[in-house]
A.B. asks: 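Here's a structure for you.
These figures come from a predicted structure and were not determined experimentally.
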Amino acid sequence: MAKDIHENSKDEVIMCTDETGMQLYLSEKAANRLSWILTGIMAALSLPVVILAIMLI
């Protein structure tokens, strides 16, 4: 008896929908990685503002 791979899968799926009906399905692991990537991008974009504020003191 071969086990079905999908039978033991416990990954939760996160679905995002916008007004136009476009849908995006992400696993919980992928959504977590995406949130860390976006957080890093926002931190890198705000870094020059912090540096300028420190330089003006």
Side-chain angles (χ1 to χ4, degrees):
M1 294 177 78
K3 290 185 179 180
D4 187 14
I5 295 172
H6 301 290
E7 189 176 302
N8 294 331
S9 178
K10 295 183 181 180
D11 289 340
E12 293 185 16
V13 175
I14 298 171
M15 182 181 76
C16 302
T17 309
D18 66 355
E19 306 86 37
T20 61
M22 185 76 113
Q23 296 180 345
L24 175 65
Y25 295 94
L26 293 172
S27 69
E28 188 175 353
K29 188 175 183 180
N32 191 23
R33 285 183 182 167
L34 182 61
S35 68
W36 277 109
I37 290 170
L38 293 176
T39 301
I41 290 171
M42 291 306 295
L45 289 175
S46 64
L47 192 60
V49 175
V50 173
I51 292 172
L52 284 174
I54 291 172
M55 288 175 60
L56 291 175
I57 294 177

A.B. asks: Return the minimal non-hydrogen interatomic distance between A53 and I57, and the atom names on each side.
C.D. replies: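 Heavy-atom minimum between the residues: O-CG1, 3.3 Å.
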A.B. asks: Rounded to the nearest 0.5 Å, how far does CD1 of I37 lie from CG of N32?
C.D. replies: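 Answer rounded to 0.5 Å: 10.0 Å.
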A.B. asks: Measure the spacing between CE of M42 and OG1 of T39 and express it to the nearest 0.5 Å.
C.D. replies: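 Reported to 0.5 Å precision, the distance equals 9.0 Å.
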A.B. asks: Considering residues at least two apart in sequence or located in another chain, which fulfil the side chain to side chain contact (heavy atoms under 4.5 Å, CB included) criterion with T20?
C.D. replies: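 By the side chain to side chain contact (heavy atoms under 4.5 Å, CB included) rule, T20 matches D18, M22.
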A.B. asks: Which residues pass the side chain to side chain contact (heavy atoms under 4.5 Å, CB included) test with Q23, sequence neighbours left out?
C.D. replies: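 If we apply the side chain to side chain contact (heavy atoms under 4.5 Å, CB included) test to Q23, skipping adjacent residues, the hits are M15, T17, Y25.
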A.B. asks: Identify, with sequence neighbours excluded, every residue that meets side chain to side chain contact (heavy atoms under 4.5 Å, CB included) alongside L26.
C.D. replies: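 Counting only residues at least two positions away or on another chain, L26 forms a side chain to side chain contact (heavy atoms under 4.5 Å, CB included) with L24, A30, A31, L34.
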